[in-house]
Amino acid sequence: MLDIKLIREQPDHVKAKMARAGTSADVIDRILGYDEERRRLETEAGGLRNERNVGSKGMATCKGEAEREALKTAMRALGDRISEIDGRLGGINEEQSSLMLTLPNLPDARVPEGRTEAENVLVRQVGEPRTFDFVPKPHWEIGANLGILDLERGVKISGSRFYVLKGAGAALQRALITFFLDLHVHEHGHTEIYPPFVVKRECLVGTSQLPKFEDNQYHDVEDDLWLVPTAEVPVTNLHRDEILDAHKLPIRYVAYTPCFRREKMSAGRDVRGIKRGHQFDKVEMVRICAPETSDAELHSLTGHAEEACRRLGIPFRTMLVCAGEKGEFNTLQYDIELWAPKSKGDEGGEWLEVSSCSNFGDFQARRMGLRFRREKGAKPEFCHTLNGSGLALPRVMIAVLENYQNEDGSVTVPPVLRQYMSGLERITARE
RNA sequence: GGAGAGAUGGCUGAGUGGUCGAUAGCGGCGGUUUGCUAAACCGUUGUAGGCUUUAUACCCUACCCCGGGUUCGAAUCCCGGUCUCUCCGCCA
């Protein structure tokens with residue numbers, strides 16, 4: 001959420017920045033209209049309340065009965081006017097705040113211009129795609145041949161875009177999760193969190209999935225609980241409505257959770273394999289910090305995600321995401337992509353997005369009342385929040401299977417994962 | 001799931017219709033005293049909006065879990081909800 005004062009004082013600046021991501025400026029004018037009306041009514045109601053408070057105090061020390069009745073009548077009239085104004089105020093507040101909740105964030109000046117993925121800017125690439133001396137297979141074939149990935153039975157029990165991992169496939173996923181957690185906890189200084197996998201509505205509002213992306217969420221209507229689409233939601237909301245001591249910042253959390261997404265919009269896209277499903281596992285890093293350190297935090301966060309890729313020994317590249325492609329609620333976003341040589345089947349390989357590292361500035365913090373205090377007696381200020389995957393599992397699985405495949409159909413286990421797989425060096429077909 | 005109790009400032013805990021943003025204690029902060037520490041004493045100590053103003057000053061308003069209601073007036077009375085605790089039942 002943006003600061004209403006900023007909108008009020010620099011509307012043209014706000015409009016110009018929002019235009020970069022293709023957002024219309026009309027909504028700003030509507031908000032300003034509501035804001036002006038709101039403040040006018042609040043001032044009016046405040047004055048009337050003051051009048052009533054003074055009058056009511058006089059009531060206790062009133063002398064004559066006639067005077068008392070007259071005062072009572074006058075106060076009752078005042079009360080009626082106040083409730084009338086409050087009624088209008090309630091409506092206006094609701095209109096204004098629901099508009100405020102739909103506004104995007106203002107992009108950082110470093111966000112490149114552009115509408116599509118093609119306009120993202122390459123920041124760095126590490127490693128070169130492997131050249132094969134045999135014809136490599138896509139992961140769905142590798143997985144099926146090894147008996148570690150069962151797409152058909154996933155569909156049978158849960159519907160399209162669900163899959164089953166089996167044997168060494170399930171173990172590989174578990175190894176990746178543990179590897180990522182250990183890396184970010186023991187070497188990158190994060191505290192591990194195990195959060196609930198369902199949250200209240202207000203949490204989704206806090207991190208901005210609601211109201212905008214309601215149709216992408218799995219929602220239990222009976223208890224109004226929502227399956228988390230990412231660990232970002234429960235973990236960032238851990239400190240909602242809190243005022244943190246400055247010396248506790250930055251807070252660095254890492255959490256493994258499954259993620260649930262309807263992905264209604266993308267029917268027909270990325271249908272082959274396990275690239276895009278309704279349920280996937282992810283290890284997510286979340287940071288809460290003071291405003292002046294969030295840029296450094298974003299870069300360390302991105303570096304930590306890159307390190308996970310580096311240790312897997314798979315080529316990756318880091319992209320600075322352009323205005324039209326980045327998440328509309330962050331200020332700056334880096335995507336990290338792992339090379340997958342046959343992910344598009346006969347069309348060949350592609351860079352798979354396995355992490356998205358974003359700085360949200362105070363946007364989420366405002367929505368969830370997440371503040372900190374620099375020192376005793378100082379005014380509370382909004383924190384900055386960030387998050388980034390470290391990493392998203394199915395796509396890492398794709399990259400591992402496709403990059404580490406051998407001519408005989410087996411898959412070499414990346415050295416860094418072997419300690420998490422009872423020393424297994426190679427996944428081969430089994431009964 | 002059943003029965004009962006409760007929710008008040010950073011914490012503990014008073015307050016049952018007006019003089020209550022709220023007694024008191026603890027903690028915190030400032031000060032006095034003081035070889036040091038401790039103790040004692042004095043003072044101070046919430047959030048947000050109106051509101052960027054020379055000023056974190058003054059003033060006004062709201063907030064005692066949340067939402068409604070009664071009333072001239074609600075922390076206090078009534079209704080609904082949420083959460084917590086105790087006991088019982090059930091269960092990884």
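Per chain, numbering begins at 1; letters A, B, ... match sequence-line order.
Regarding contacts with the backbone of C72(B), a side-chain N or O of R76(A) is found under 4.0 angstrom from either OP1 or OP2. Contact between the side-chain N/O atoms of R373(A) and the OP1/OP2 oxygens of U45(B) is not found at any separation under 4.0 Å. Distances shorter than 4.0 Å separate none of the side-chain N or O atoms of N50(A) from OP1 or OP2 on C60(B). Here R8(A) reaches the OP1 or OP2 of U52(B): one of its side-chain N or O atoms lies under 4.0 Å away. For A62(B), one of the phosphate oxygens OP1 or OP2 lies less than 4.0 angstrom from a side-chain nitrogen or oxygen of N53(A). Residue R39(A) has a polar side-chain atom (N or O) positioned under 4.0 Å from OP1 or OP2 of C51(B). The side chain of R371(A) contributes an N or O atom lying less than 4.0 Å from OP1 or OP2 of A48(B). In this structure, K5(A) reaches the U52(B) phosphate: one of its side-chain N or O atoms is under 4.0 Å from OP1 or OP2.
To the nearest angstrom, P of A62(B) lies 13 Å from CD of E51(A).
Nucleotides G10(B) and G28(B) are separated by 8 Å at their C1' atoms, to the nearest Å. Annotation: C72(B) and G1(B) have their P atoms spaced 41 Å apart (nearest Å). Remark: the separation of the P atoms in A75(B) and U53(B) is 33 Å, to the nearest Å.
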Got a list of protein N/O to nucleotides 57-59 of chain B N/O distances below 3.5 Å?
none

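Out of G49(B), A62(B), A48(B), the shortest distance to the side chain of P380(A) is found at A48(B).
Screening H384(A), E232(A), R240(A) for a side-chain hydrogen bond (donor to acceptor under 3.5 Å, both in side chains) involving Q364(A) leaves a single residue, E232(A).
A salt bridge links R40(A) with E37(A): the closest approach of a Lys/Arg side-chain nitrogen to an acidic carboxylate oxygen falls below 4.0 angstrom.
Under the Watson-Crick or G-U wobble criterion, with both distances below 3.5 Å, C72(B) is paired with G18(B). Across all strands shown, G46(B) pairs with C63(B); the Watson-Crick or G-U wobble distances both stay below 3.5 Å.
Less than 4.0 Å separates RNA chain B from no heavy atom of any residue of residues 219-228 of chain A.
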